[in-house]
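First the structure, in the form of structure tokens, and then the observations on it.
Predicted model, so just to flag it, every value in this text is computed and none were measured. The analysis underlying the following values was restricted to heavy atoms, covering all of them including side chains, and did not include hydrogens, waters or symmetry mates.
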Amino acid sequence: LFMFGSIKTTAFSFVKTNFDKVVMLMIPYFVLALCSGYLSLMNSNSHSAGYTYTYNATSTLNYSGFNGIISFFLSIVTCIAIAQIYKAIYKGDYSKLSLAGSVDGFLPLIPAFLIYSIFLGLLIYLIVLIGAVLVFTMLFYPFLIFVLLAVLIGIVYLTVRLSLSEMILSDLILDFSGNYSDKKELNLLQKVMFSLKESWRLTKGQFWFLIVLGLSLIGWYFLVIISAGLAIVFVGPYFMAINATLYKHLIDSYKE
């Protein structure tokens, strides 16, 4: 229980104390996210505006194209912001917590995170496809609902066990903890695979603790919803800080 409260208290204190730096770091993320949401809304409106098919098709392609470009830059800004918060929390040094001051140092993260995103995207696509097939076949074989439940439980289990992989990948590239200095020679794909395996190792025996930790944050999700997303300015960095604090605790525990 002490560890549970300590992780959340440390993360909350970090965001509260460094709120101005965190907001400046996250501003590009919020701007791009708003633009992406606006284009998605316009794309939806183009389908229901009642214009000609040609206009709808052209508008859809334009909005989708711009949204794809914005989403690409959003992923870059996100990985830089996440890595900076992770590094600051782990090292306890918040003096360089700014987007403009350290972009060059974080550029190696971009290709690694893209490979990471593609790999997880394919995995999620496969899981969704399996789920869709099961839902369809349940129309004829209702007993398969138990198989579907097993798949859903498996997804939750995988999500929890791999929850630190993004953090570990940042550490592999930036080497802010010094734990993976001997892994510098790995190529990007090997680093992605190692981050997944290392997350699995570090979360061994921590499944229910991580589940309870995640459930204890549900109130923050509701705060984001009722504030029309504005609360994400604080909640987003707070969740990143919790992840970083948890990672530091698990690394330190394995050293002891």
Side-chain angles (χ1 to χ4, degrees), residues 1-30 32-33 74-103 105-106 109 113 116 159-180 195 198-199 202-203 206 209-225 227 229-255:
L1 290 177
F2 174 76
M3 181 182 71
F4 187 86
S6 177
I7 288 172
K8 296 174 71 174
T9 301
T10 301
F12 189 90
S13 177
F14 159 74
V15 181
K16 181 180 178 182
T17 305
N18 301 278
F19 187 68
D20 55 336
K21 293 181 180 179
V22 168
V23 169
M24 292 303 295
L25 180 65
M26 299 298 290
I27 277 179
Y29 168 83
F30 298 132
L32 289 173
L74 181 61
S75 66
I76 293 175
V77 172
T78 302
C79 80
I80 293 174
I82 289 172
Q84 287 219 49
I85 290 176
Y86 285 171
K87 184 177 181 180
I89 284 283
Y90 196 95
K91 295 180 74 67
D93 180 9
Y94 314 131
S95 61
K96 298 179 181 179
L97 193 61
S98 66
L99 184 66
S102 305
V103 171
F106 290 86
L109 284 168
F113 268 74
Y116 176 82
T159 301
V160 172
R161 293 300 302 273
L162 301 179
S163 59
L164 295 178
S165 56
E166 192 176 66
M167 174 84 190
I168 295 167
L169 183 58
S170 299
D171 196 356
L172 278 169
I173 304 295
L174 302 176
D175 196 29
F176 49 77
S177 71
N179 295 300
Y180 308 116
S195 69
E198 184 69 357
S199 178
L202 289 177
T203 55
Q206 304 290 336
F209 170 77
L210 295 175
I211 286 288
V212 174
L213 178 61
L215 290 175
S216 72
L217 301 173
I218 286 180
W220 290 101
Y221 285 106
F222 282 114
L223 179 61
V224 173
I225 293 172
S227 67
L230 294 178
I232 198 67
V233 174
F234 185 92
V235 175
Y238 175 53
F239 282 7
M240 295 178 196
I242 285 177
N243 218 26
T245 308
L246 173 66
Y247 173 69
K248 188 177 190 306
H249 168 78
L250 292 176
I251 286 289
D252 291 345
S253 297
Y254 270 92
K255 285 181 177 179

Nearest 0.5 Å please: distance from the [atom1] atom of [X] over to the [atom2] atom of [Y].
{"X": "T203", "Y": "R161", "atom1": "OG1", "atom2": "CZ", "answer": "4.0 Å"}
{"X": "L164", "Y": "L169", "atom1": "CG", "atom2": "CG", "answer": "12.5 Å"}
{"X": "E198", "Y": "D171", "atom1": "CD", "atom2": "CG", "answer": "9.5 Å"}
{"X": "S170", "Y": "Y116", "atom1": "OG", "atom2": "OH", "answer": "9.0 Å"}
{"X": "N179", "Y": "Y247", "atom1": "CG", "atom2": "OH", "answer": "5.5 Å"}
{"X": "K8", "Y": "S216", "atom1": "NZ", "atom2": "OG", "answer": "3.0 Å"}

Short side-chain to backbone donor-acceptor contact, [X] and [Y], under 3.5 Å:
{"X": "T245", "Y": "A241", "result": "yes"}
{"X": "S163", "Y": "V160", "result": "yes"}
{"X": "S13", "Y": "T10", "result": "no"}
{"X": "T17", "Y": "F14", "result": "no"}
{"X": "S165", "Y": "L162", "result": "yes"}

TODO: For the pair I168 and L202, evaluate side-chain contact (heavy atoms from CB on, under 4.5 Å) and give the outcome as yes or no after the intermediate values.
DONE: CA-CA 10 Å; I168 295 167; L202 289 177; 4.0 Å; yes
Task: Beyond-backbone contact of N18 with K21, side-chain heavy atoms, under 4.5 angstrom - done: yes
Task: Parallel, tilted or perpendicular: rings of W220 and F234 (30°, 60°) - done: parallel
TODO: Tell me whether the centres of the aromatic rings in F239 and Y221 are closer together than 6.0 Å.
DONE: yes
Task: Trace of the side-chain contact (heavy atoms from CB on, under 4.5 Å) decision for F209 with L246 - done: CA-CA 11 Å; F209 170 77; L246 173 66; 3.8 Å; yes
Open item on the list: Applying side-chain contact (heavy atoms from CB on, under 4.5 Å) to I242 and L213, what does each step give before you reach the verdict?
Closed with: CA-CA 10 Å; I242 285 177; L213 178 61; 4.1 Å; yes
